[in-house]
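The block underneath contains the structure these notes are about, expressed in C-alpha cells.
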Number of protein chains: 2
Amino acid sequence: MNHDNHADNPLMDFDLLRKLVVGIGEVSDITGVPQRQIRYWEEKGIIQSYKEGEGTTRKYDYLSIKKILLVKELLDDGFTLDAAAKKVEERMRMINEVFQKLSDR
Amino acid sequence: MNHDNHADNPLMDFDLLRKLVVGIGEVSDITGVPQRQIRYWEEKGIIQSYKEGEGTTRKYDYLSIKKILLVKELLDDGFTLDAAAKKVEERMRMINEVFQKLSDR
DNA sequence: GCATTGATTGTAACAAATCTACAATTAAAG
DNA sequence: CTTTAATTGTAGATTTGTTACAATCAATGC
C-alpha cells in the first residue's frame, strides 16, 4: 500500500535525512573546521558524534553539522568556546524541536 | 548581513543537504543494497557517484541514494536491471526538477 | 616577567573503510 | 547446455579515521 513513500516528496524525506550520516573528513570539508578541532570540541562535550559499532569511526548527522557550524560562527564572533557552547545549546533546543515536529509530519 | 542563513530553517537548508555526501558503506546501510552491488550498478552506468579527488573514495548525495532506493524497489517488483534503470531515469528527472526549484528558493 | 589556563595543533602507530581487478556463481532464456 | 544478465567473492593495496601523548600559542592574573 505504501511501497513508495520516498521519491514523491524530496523536500520532506526526513527519514532519509536522519540516516544521512557522514564521516569526520566530510564534516571537516563541509564546515571548514579541522578534524582535529572537531575531535577536541567533542572531548569537551560540546559536539557529539556516535559510532555504529565497537571500535569504528565517528558519524555525524545533519543536526550535528549544524551545531558545528553554529559554534564556529560564534567563535568567529569572539565568544569563548564555553560561551559559544552555552549559546548553541539553546539554539539547538529550538532547532531540534522544529525538526521533530516536521519529521513527525 | 546574512551571517546566519543556516539554523533558522532546518527544513530548507538545501545548501547543507547538497553537501551531505556519504560513503558507500553508509549508502549500503541506508538502502540495504550491498556495496558490491552498488558498484556494479555504477559500472553499468545506472548509478553515479563522484570522487572528491584523484584516487579517493566514492561519495553519494541525497539524490543518488534516492535513485538507488528506486532501482531496488523496481527490481523487487520484478523488472530487469535495464528496465528498472530506464524507468528510474524518468522518475529522477522529475525529482531533480522539483529539487532544483525548491533549492532555488 | 612568567606561570596558569583555555584553545588549538602535530604526529606516530595502529585500525577501519574503501578501492580495483580478477574470477566465480547463479538463474533464466533460447 | 550454452549464452547472457546479474550478482557475489576476495586479495592486496590505498585512503580515511582512531587514540594517546605532547607541543604551541595567546590572554589573563599575579
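All chains are named by letter (A, B, ...) in the order of the sequence lines, taking the proteins before the strands, and each is independently numbered beginning at 1. Because only heavy atoms are used, hydrogens play no part in the values below, and waters and symmetry mates are left out as well, while side chains stay in.
- Contact between the side-chain N/O atoms of Trp41(A) and the OP1/OP2 oxygens of dA7(C) is not found at any separation under 4.0 Å.
- Map Lys59(A) and Thr80(A) each onto its nearest nucleotide of DNA chain C; the residue landing nearer the 5' end is Thr80(A).
- Put simply, CD on Glu54(A) is 14 Å from C1' on dA16(C), counting in whole angstrom units.
- What separates CD of Glu43(A) from P of dT18(D) is a distance of 12 Å, to the nearest Å.
- Between Lys44(B) atom NZ and dA5(D) atom C1' there is a gap of 7 Å when expressed in whole angstrom units.
- Candidate nucleotides dA6(D), dT18(C), dT18(D) were compared by shortest atom distance to the side chain of Ile24(B), and dT18(C) ranks first.
- Of all the heavy atoms in Lys87(A) and Leu74(A), the pair that sits closest is CB-CD1, 3.8 Å.
- If you take OH of Tyr40(B) and P of dA5(D), they are 8 Å apart, rounded to a whole angstrom.
- Note: OH (Tyr50(A)) to P (dG17(D)) measures 14 Å, nearest angstrom.
- Smallest separation of non-hydrogen atoms from Leu63(A) and Met92(A): O-CE, 3.4 Å.
- Listed candidates were dT18(C), dT8(C), dA7(C). Nearest to the side chain of Thr57(B) is dT18(C).
- Donor-acceptor pairing under 3.5 Å is recorded for the side chains of Tyr60(A) and Glu42(A).
- Along DNA chain D, the nucleotide nearest Gly55(B) and the nucleotide nearest Asp82(B) are compared for position; the residue whose nucleotide lies closer to the 5' end is Asp82(B).
- Applying the 4.0 Å criterion to OP1 and OP2 of dT18(D), one finds that Arg39(A) has a side-chain N or O inside that range.
- Taking every side-chain heavy atom of Gln37(B) into account, dT7(D) is the closest of dC19(C), dT7(D), dT9(C).
- Between the CZ atom of Arg58(B) and the P atom of dT16(D) there is a distance of 13 Å, given to the nearest Å.
- Nucleic acid contact class of Leu75(B) (heavy atoms, under 4.0 Å, all strands): sugar-phosphate only.
- Taking the six-membered ring where the residue is Trp, Tyr62(A) and Phe99(A) present parallel rings, their angle staying beneath 30° rather than reaching 60°.
- A donor and an acceptor atom sit less than 3.5 Å apart, one in the side chain of Arg36(B) and one in the base of dT8(D).
- Rounded to an integer number of Å, the gap from CD of Glu42(B) to P of dT7(D) is 14 Å.
- Atom CD1 of Ile47(A) is separated from atom C1' of dA7(C) by 15 Å (rounded to the nearest Å).
- Here the nucleotide nearest the side chain of Gln35(B), chosen from dT8(C), dT18(C), dA6(D), is dT18(C).
- Between Lys51(B) and dT20(C), a side-chain N or O to OP1/OP2 separation shorter than 4.0 Å is present.
- Distance alone, capped at 3.5 Å, is enough to place a donor-acceptor pair between the Thr31(A) side chain and the Val27(A) backbone.
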